[in-house]
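Right, one structure below, let's go through it.
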Amino acid sequence: MHEVKSIESIQSTNDFVIKFANVNGSGSASANQMFAKAMFRMGIPVSPKNIFPSNIQGLPTWFEVRVNEKGYLGSRGGVDIAVAMNPQSYSKDVDEILPGGYLLYDSTWKRNFNRKDITVIEIPLTQLCVEAFKNPKQRPLFKNIAYVGALSVLLDIEYEVLENIISEQFIKKPALIEPNLKALNLGRNYVLENLPYPLGITVSRADKLEDKILISGNEAAGLGAVYGGATFCSWYPITPSTSLAEGYEKYAKKFRIENNTGKNLFASVQAEDELAAIGMAIGANWNGARGFTATSGPGISLMSEFLGLAYFAEIPLVLFNVQRGGPSTGMPTRTQQSDVLACAYASHGDTKHVVLFPSDPKECFDFSAQAFDLADQLQTPIFVVSDLDMGMNDWVCDKFKWDDEYKYNRGKVLNKDDLDEIENFGRYLDVDNDGICYRTYPGTHPEKGAFFTRGTSHDEYARYTEDGEVNAATLSRLMKKFRTASELVPEPVIEINGKDSCGVIFYGSTSPAVHEAKDILKEKEINIDLMQIRSFPFNLDVWEFIANHDRIYVVEQNRDSQMRTLIMAEGGISPEILRPLVHFTGDPIQASYIVNKISEREVNYKSHINAKKR
Amino acid sequence: MHEVKSIESIQSTNDFVIKFANVNGSGSASANQMFAKAMFRMGIPVSPKNIFPSNIQGLPTWFEVRVNEKGYLGSRGGVDIAVAMNPQSYSKDVDEILPGGYLLYDSTWKRNFNRKDITVIEIPLTQLCVEAFKNPKQRPLFKNIAYVGALSVLLDIEYEVLENIISEQFIKKPALIEPNLKALNLGRNYVLENLPYPLGITVSRADKLEDKILISGNEAAGLGAVYGGATFCSWYPITPSTSLAEGYEKYAKKFRIENNTGKNLFASVQAEDELAAIGMAIGANWNGARGFTATSGPGISLMSEFLGLAYFAEIPLVLFNVQRGGPSTGMPTRTQQSDVLACAYASHGDTKHVVLFPSDPKECFDFSAQAFDLADQLQTPIFVVSDLDMGMNDWVCDKFKWDDEYKYNRGKVLNKDDLDEIENFGRYLDVDNDGICYRTYPGTHPEKGAFFTRGTSHDEYARYTEDGEVNAATLSRLMKKFRTASELVPEPVIEINGKDSCGVIFYGSTSPAVHEAKDILKEKEINIDLMQIRSFPFNLDVWEFIANHDRIYVVEQNRDSQMRTLIMAEGGISPEILRPLVHFTGDPIQASYIVNKISEREVNYKSHINAKKR
Amino acid sequence: MSFKKPINHHPKLETNKLGLTRRDYEGAVSTLCAGCGHDSISAAIIESCFKLNIEAYKVAKLSGIGCSSKAPAYFLEQSHGFNSVHGRMPSVATGANCANRDLMYLGVSGDGDSASIGLGQFVHAIRRQVDMVYFVENNGTYGLTKGQFSATNDLESKNKYGEDNLFKPIDLATMAIQLGATYVARSFSGDRDQLIPLIMGAMQHKGFALLDIISPCVTFNNHDSSTKSYDYIRDHNEAVGKTDFVPLGEEISTSYKEGSSTEISLHDGSKLALEKTDANFDPRDAGKALNFIREKEKEGKVLTGLLYINDLAKDLNETLNVTQTPLSQLQQDVLCPGSEILDEINQSLS
Amino acid sequence: MSFKKPINHHPKLETNKLGLTRRDYEGAVSTLCAGCGHDSISAAIIESCFKLNIEAYKVAKLSGIGCSSKAPAYFLEQSHGFNSVHGRMPSVATGANCANRDLMYLGVSGDGDSASIGLGQFVHAIRRQVDMVYFVENNGTYGLTKGQFSATNDLESKNKYGEDNLFKPIDLATMAIQLGATYVARSFSGDRDQLIPLIMGAMQHKGFALLDIISPCVTFNNHDSSTKSYDYIRDHNEAVGKTDFVPLGEEISTSYKEGSSTEISLHDGSKLALEKTDANFDPRDAGKALNFIREKEKEGKVLTGLLYINDLAKDLNETLNVTQTPLSQLQQDVLCPGSEILDEINQSLS
Ligand SMILES: Cc1ncc(C[n+]2csc(CCOP(=O)(O)OP(=O)(O)O)c2C)c(N)n1
Ligand SMILES: Cc1ncc(C[n+]2csc(CCOP(=O)(O)OP(=O)(O)O)c2C)c(N)n1
Ligand code: SF4
Ligand code: SF4
Ligand SMILES: [Mg+2]
Ligand SMILES: [Mg+2]
């Protein structure tokens with residue numbers, strides 16, 4: 001370990017970024033996650049992000065963990081500690097280390113890194129494992145555990161925390177506990193015996209996370225679907241949505257087994273493609289089950305035709321879109337928010353869809369469950385749109401809550417008794433004048449209530465018609481329904497921080513970065529008011545917030561300012577008011593990026609205003 | 001024939017609407033078209049519109065012909081003369097006749113129609129044909145010709161004109177000429193011998209159509225594709241686009257046969273669906289041929305994924321969308337302009353597409369040919385978006401022109417010699433700083449110029465990359481290319497009609513109705529300035545026109561004011577300026593509808609302004 | 001457009017065990033061309049349901065887009081119907097089937113709908129063994145879009161305008177047998193006697209039943225040079241032997257020669273009695289069935305009848321181990337794990 | 001990511017008739033897992049092109065999405081490649097093929113890409129007889145999305161985590177024969193000696209050639225309970241007999257016993273010499289071929305080798321009567337009818 005000379009080494013407690021550089025397919029994920037979990041267990045807010053190639057084995061992959069006691073958990077930029085385990089990417093990895101930072105590498109093969117301003121920590125991990133473990137297949141895995149052990153001493157992580165994590169993890173394979181602990185101590189002991197410790201960077205128990213959990217958005221949404229009463233899932237594998245369907249299946253297999261029979265109280269079908277996936281979900285919903293599908297961008301494109309059918313024939317449906325980098329196959333393992341327009345206006349003809357935008361796993365859970373009620377209430381597809389960053393990475397969020405008094409809202413469905421009392425059932429009669437009509441499930445009544453569902457133009461009795469006025473009336477009623485929707489969907493979360501402040505609109509996974517930016521800007525005496533949009537169509541609060549601001553930055557992770565477009569198009573909002581603040585590299589946006597963009601323009605704005613006043 | 005009593009019967013020359021009511025599949029089309037053609041041949045502007053069910057045989061179908069010497073050829077509303085040949089629809093057909101109008105029906109089965117304000121013309125058509133023709137299969141067909149004959153006397157149509165049309169039509173089956181003439185005279189003679197003639201409504205040679213032709217937009221576009229050098233067509237049958245691909249094939253079979261070999265200088269493939277149709281067209285263009293596909297709304301939805309690929313991998317492609325009534329399967333035999341957003345923003349991720357909007361068959365021909373140049377120049381999909389009304393009906397339009405000096409622009413393509421001189425070929429290098437890069441066709445050079453086309457993120461050398469900055473640079477360059485596109489696409493047609501006028505924006509098949517409305521409004525002392533948008537992205541002229549008007553009506557045939565949305569979203573135009581003027585029943589918009597909507601609001605506006613002035 | 005027929009119950013109309021007449025199984029008045037084969041198939045479906053005493057409201061009718069796909073509007077007025085999008089009926093039927101295993105599913109499709117745009121879904125519905133009767137109303141043409149060749153059209157066949165079909169046909173029945181469909185029959189809309197028992201058998205069969213029914217399009221594909229015309233099929237049709245449907249509890253009383261028939265039990269206990277006409281053919285042996293079809297094809301014959309049956313298959317719901325109660329009827333108490341379990345989950349995530 | 005390999009021409013490397021070494025046929029360094037079957041197939045393609053003296057720039061490589069679909073980046077650096085969208089390579093290849101009949105088309109796909117999302121396109125490319133070599137790099141799993149079952153996975157096979165595959169496999173080779181593909185072979189990425197002549201034969205064949213190559217996924221489907229693992233295929237593979245490729249003008253010199261071999265001439269005059277091992281099998285008789293595959297399957301064997309060949313087929317361009325000159329090379333003078341003809345057309349429209 002050579003000490004930094006030209007510059008002070010970084011000193012901090014519970015505030016740093018550590019980045020693990022590994023080889024794809026080398027089994028580093030569980031060790032890295034163990035590190036993140038240890039932070040969480042010590043009560044220190046943590047955000048791990050997996051940066052992986054669209055590839056299975058042999059290419060560079062990174063795991064970036066931000067640890068921040070104040071709870072700033074967006075991507076930060078810069079690396080304080082690099083754990084460089086992949087010679088392929090050494091140069092990039094070392095370059096990223098901030099001056100004064102630390103580099104830990106496997107010194108079985110010694111290197112000179114040519115940076116005088118960092119502290120290099122040499123641990124011959126491979127060699128240690130070769131000596132300690134006989135089975136050559138296990139060695140690479142234990143090498144990863146060993147560096148976690150080393151870090152535990154270097155950063156002062158509580159040993160019991162790691163010990164517990166290992167015991168829990170291998171609760172079903174207890175034979176593995178001992179060798180994992182051995183590997184952990186291999187790293188620990190090497191540091192204890194050979195290196196100065198702790199580093200300038202350390203952790204210390206903070207107990208900030210009492211009501212928090214650590215979970216990925218996809219798993220949360222899958223669980224939400226179980227709680228929301230979904231009994232049918234049809235999906236086609238695609239990164240980054242696959243783990244959502246898998247999450248649903250995992251929880252359904254646990255909590256949805258019939259008592260006496262052992263049979264499944266759900267069905268999950270891996271479809272042959274996305275067209276079939278959505279077709280099946282439509283069929284299930286038409287037939288009275290709560291069904292959903294999960295996909296990502298290319299799937300949305302392929303589902304467009306069916307989405308128009310569900311919209312026009314008014315069939316409930318829940319569709320999760322975990323966004324990745326587009327267009328086309330794009331960047332399958334990177335994050336973007338570039339399907340906003342594709343979802344809101346999916347399909348040809350005049351169509352508009354209800355879209356929910358969760359901003360963390362808690363909202364993924366909540367909105368997922370709620371989406372099934374909304375779909376049944378509104379008899380239309382409900383999109384739940386998250387992204388790779390929130391979907392596949394573990395995020396710290398509030399614990400999930402469920403009110404056992406809450407009853408599912410299955411919407412306007414007539415049962416046999418209802419039908420017996422009705423003279424004149426018409427599937428598309430707007431009886432309540434809210435644009436939402438009454439449906440029946442197949443098989444309800446021997447003589448009444450049957451109707452013919454179709455994507456062709458139809459009258460109020462679901463009969464095919466080519467009468468233009470009748471069809472126009474249907475289309476207009478659908479707009480009425482869309483207005484009704486705006487009263488049912490989740491309202492925005494608004495935070496007003498001062499008089500004359502500029503507004504900032506955001507949604508989804510940019511939330512941590514925006515909140516951090518707010519605090520930084522405040523220090524620079526720039527106050528921003530926040531509105532986190534949580535759904536489309538926009539409800540009154542959204543328009544009110546916009547009306548109350550003369551300049552608003554719309555933060556989003558796409559090139560074309562898609563949410564801004566949607567706001568302008570739907571609300572008739574003057575474009576000068578809405579300023580695009582976009583970031584679309586596929587990496588999560590950082591607070592500093594937002595701060596720069598806003599402060600630049602706000603400073604101009606203020607001098608402009610002051611000039612006017614003078 | 002009973003004469004009108006309660007009201008004067010309509011008197012007019014060369015200005016009326018006649019509507020033929022027939023049974024689908026009864027072979028009425030050719031007789032009705034003969035009638036329209038006769039008007040054309042007499043030099044009187046005419047617009048026939050076929051109103052047909054989504055069905056093959058046995059349902060009501062109508063053929064509405066507006067005859068108007070002044071050249072107003074949009075749908076007018078109201079019927080002056082009804083030729084009612086379908087008892088199924090008698091009541092509707094008779095109801096539509098304007099007071100003072102005329103009804104001609106097959107009085108083989110006599111009826112009482114209970115309207116005192118019309119003139120009823122009784123001709124026992126079936127009976128006449130039964131007596132005159134032995135073959136019972138032919139009778140229904142000749143019945144139709146017979147009513148054309150009757151009309152020729154009633155309206156004073158020149159006999160030779162009809163005679164010529166028949167001779168030309170059966171030039172390849174001359175045996176049919178005589179019986180057709182016989183049928184024609186059957187109707188003529190019946191009127192001559194039994195009824196008073198002519199009616200109050202007559203036609204008279206006008207010679208207004210010297211430089212005009214009568215053709216459908218689809219046939220024009222198909223011919224344009226032949227002229228534009230398209231050698232490959234892949235398509236899947238769908239109303240109303242089928243006749244476009246068929247039109248291409250028809251002309252290609254005539255003009256694209258290799259001299260010595262008799263082989264085809266083109267290939268046309270009926271694909272298994274729309275996904276395959278566009279996939280094939282992409283493959284052909286990638287490989288250096290000019291290829292296209294033609295479809296309608298549902299096809300656009302199905303093609304979305306491939307459209308994103310072509311956009312991102314920068315493959316030329318021409319796509320015709322002949323719009324029908326949406327959403328979903330919608331109204332397949334009705335007209336709308338409701339795929340504007342679906343085309344402009346097709347596919348997930350950040351995508352924007354070039355769209356051309358022809359407004360008559362002449363522009364269908366021109367834009368079709370031009371689209372292939374644009375596709376090659378811009379290396380991106382070019383949409384040509386028309387609709388059922390213009391695509392399937394014969395319209396009067398200017399004669400087609402072709403400049404033999406004009407050379408196809410194949411865009412930036414490097415051949416073997418070019419490559420020999422280039423050091424460092426990179427498929428996506430923006431050498432000219434216009435966002436458009438150089439491509440090579442497969443098979444060009446033994447050693448240089450090969451590259452890997454992909455829908456995944458790529459660098460300037462077409463290599464796969466997961467570097468976010470590199471990918472963002474590509475996306476930004478694509479925006480630059482889109483700006484370049486705005487300089488190449490057809491500019492709007494602008495007509496300024498006075499100071500302080502309001503603006504009217506329109507596109508596509510609403511053109512005749514808008515122009516007629518303009519003249520009517522002028523009589524009411526409301527001047528409107530017109531801008532016919534012909535392409536997206538919008539070019540400078542579009543923005544200038546908008547900037548010069550404080551209120552603009554955007555006329556379109558969809559529910560959601562889609563073009564208005566596009567203008568607001570792309571141009572940052574204040575919404576109050578742009579007023580939706582929509583019509584979405586699936587029937588073509590009428591001048592009177594536009595007049596009502598505009599005059600209502602303009603009158604308000606003027607009193608408002610005047611109040612202000614006071 | 002669909003017109004509602006006035007239902008006048010004539011007291012003398014024959015009734016079935018449910019006290020219903022054939023009229024009760026009808027639908028809206030057909031808007032297909034007079035003489036269209038599809039209407040005969042609708043009539044055969046009506047007859048089959050009448051004979052099987054089916055409660056119409058326990059049937060779901062699903063289709064794609066095409067003249068054939070309109071047909072479900074013209075039978076079983078009391079059933080829910082779903083006219084979905086072109087070629088994608090199989091997926092909608094699959095989802096519907098999982099949501100409620102208690103209904104009977106009739107899928108109606110055309111050759112364009114199933115053999116072109118919908119081929120992938122067709123194959124995968126078979127692979128999943130969705131419990132349904134799948135009708136292909138096969139006319140070798142795209143009726144509703146006015147007569148383009150479909151992928152089942154024969155190589156030597158011409159269209160109405162005398163143009164040649166350039167490509168070989170896809171034989172959906174052969175494909176279905178190959179893929180493991182468990183009830184595969186080919187028939188002809190003009191042969192009511194053959195068709196009705198085959199439909200009845202398919203309705204009582206558990207698993208995927210394909211009925212590939214040649215159904216002439218009188219408007220676009222019934223000319224002399226067509227191989228899907230009424231005349232052509234009447235001339236070239238060769239049946240594998242007669243099939244009789246024997247309802248549960250009834251005695252078999254067929255007119256077949258001694259020893260020349262086989263019985264096959266269906267899911268509900270009813271039976272199919274099959275006449276045996278050829279030693280080389282056995283509808284329970286897929287290999288033999290495929291060879292026999294191929295052989296007859298070479299002879300220029302169209303083999304009709306029950307081509308393959310396997311009564312031991314598991315349907316999709318069984319394969320997925322889905323509860324007997326229709327999923328659509330499960331209530332919140334069994335669906336929602338509740339707050340206590342959620343607390344445990346929270347615990348495990350912290 | 002693709003890395004460029006330094007091409008150091010070692011003077012002693014063997015050269016072919018074009019003076020090229022095997023190195024000249026390579027592509028970027030593979031990023032697939034070490035041991036992935038797909039890499040062996042790439043190597044076999046390189047070897048075949050080398051032996052056939054193919055000019056790489058006259059080859060077009062097309063693929064869908066998947067680990068297998070990445071493979072074209074790893075061979076024939078000098079060929080244009082097109083990594084299109086998931087399951088839709090066949091349509092892109094069809095259009096490309098029509099645009100330029102002078103190139104050779106190699107389509108590379110996976111079992112997910114071809115048997116699920118792309119099944120319809122796969123079938124219709126065969127039906128149209130697109131002149132191409134279609135590789136299915138068949139591993140029974142979705143490699144790139146991490147190990148879900150694909151539709152070619154066998155019923156009795158389990159995934160890495162011990163879960164059962166619940167559905168029967170789709171056999172693409174059988175399907176292709178049924179549909180009239182004119183060259184159908186099955187092989188194994190681990191059997192270079194069998195694979196290379198089969199690829200060479202396919203490359204010289206005119207029409208649609210399918211190579212269904214079992215190509216183990218070492219990461220997700222190479223465990224003991226897999227039926228697409230290296231071990232399983234080595235144990236259960238049964239070849240129809242050896243195949244040798246005999247270049248144009250060379251003498252056949254195979255090691256087969258007298259009278260036990262058949263020769264098949266290919267498009268360009270080169271030949272395939274086939275060893276005959278079973279009287280019941282003849283690769284020129286589709287019916288026999290299908291039966292033999294079915295029989296072996298029942299015995300639990302995976303039949304490999306050239307399963308079917310028909311050298312008389314018309315390819316798509318012939319069927320469409322397309323000119324010999326590539327459409328992409330036609331110039332405006334023959335494409336544009338010009339103003340005079342347009343005047344005539346105007347005339348006819350007025
Ligand atoms: C996505 C889509 N593409 C094309 C069409 C147009 N279309 C309607 S019916 C049909 C073909 C129907 O043929 P088939 O299934 O054989 O039915 P038939 O009319 O012959 O009974 C087509 C192509 C459509 N409705 N949707
Ligand atoms: C439209 C679409 N859906 C899903 C995906 C995700 N995806 C990528 S590869 C793949 C499966 C690949 O399996 P296979 O073709 O067998 O190739 P392998 O990786 O096994 O070689 C899937 C589903 C995608 N890229 N595009
Ligand atoms: S067009 Fe053909 S398939 Fe359609 S209804 Fe008429 S006869 Fe039947
Ligand atoms: S995951 Fe499987 S298919 Fe993909 S590269 Fe690795 S071994 Fe090959
Ligand atoms: Mg058909
Ligand atoms: Mg695979």
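Throughout, protein chains are lettered first and strands after them, A, B, ... in sequence-line order, and every chain is numbered starting at 1. Worth knowing before you read on, the calculation uses all heavy atoms, side chains too, and leaves out hydrogens, waters and symmetry mates.
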statement: Between the NZ atom in Lys146(D) and the OG1 atom in Thr239(A), the distance rounded to the nearest 0.5 Å is 7.5 Å
query: Side chain, backbone, both or neither: which part of Cys67(D) has an atom under 4.5 Å from a heavy atom of chain A?
result: side chain
field: Taking every non-hydrogen atom, the tightest pair across Thr145(D) and Pro237(A)
entry: OG1-CB, 3.7 Å
field: Selection from Ser328(A), Ser54(A), Ala276(A) maximising heavy-atom pairs under 4.5 Å formed with chain D
entry: Ser54(A)
query: Do the side chains of Glu274(A) and Ile117(D) get nearer than 4.5 Å, heavy atoms only?
result: yes
message: With a 6.0 Å cut-off (strictly less than), is the heavy-atom count around CG of Asn135(A), excluding the residue itself, greater than 12?
response: yes
message: Does any backbone or side-chain atom of Ala115(D) lie under 4.5 Å from a heavy atom of chain A? Answer side chain, backbone, both or neither.
response: neither
field: CG on Asn24(A) to SG on Cys33(D), rounded to 0.5 Å
entry: 8.0 Å
- request: Please confirm whether the backbone N or O of Thr219(D) pairs with a side-chain atom of Gln57(A), one donor and one acceptor, at under 3.5 Å?
  value: no
message: Quick check on the structure: residues of residues 240-250 of chain A within a heavy-atom distance below 4.5 Å of chain D, by number.
response: Thr242(A), Glu246(A)
message: With a 4.5 angstrom heavy-atom cut-off, is it the side chain or the backbone of Ile65(D) that approaches chain A, or both, or neither?
response: side chain
query: With a 4.5 angstrom heavy-atom cut-off, which part of Leu166(D) approaches chain A: side chain, backbone, both or neither?
result: neither
message: Let me confirm one number: the SG-CD1 distance from Cys36(D) to Ile56(A), rounded to the nearest 0.5 Å.
response: 10.0 Å
field: Toward chain A, the part of Phe220(D) with a non-hydrogen atom under 4.5 Å
entry: side chain
Spacing of CZ belonging to Phe167(D) relative to CD belonging to Gln270(A), to within rounding of 0.5 Å: 9.0 Å
- prompt: Of the non-hydrogen atoms in Tyr236(A) and Gly112(D), which two are nearest, and what is the gap between them?
  reply: OH-O, 4.1 Å
message: Using only non-hydrogen atoms and a strict under-4.5 angstrom cutoff, which residues of residues 297-309 of chain A touch chain D?
response: Leu302(A)
- line: Nearest heavy-atom contact between Thr31(D) and Asn55(A) is O-ND2, 2.6 Å
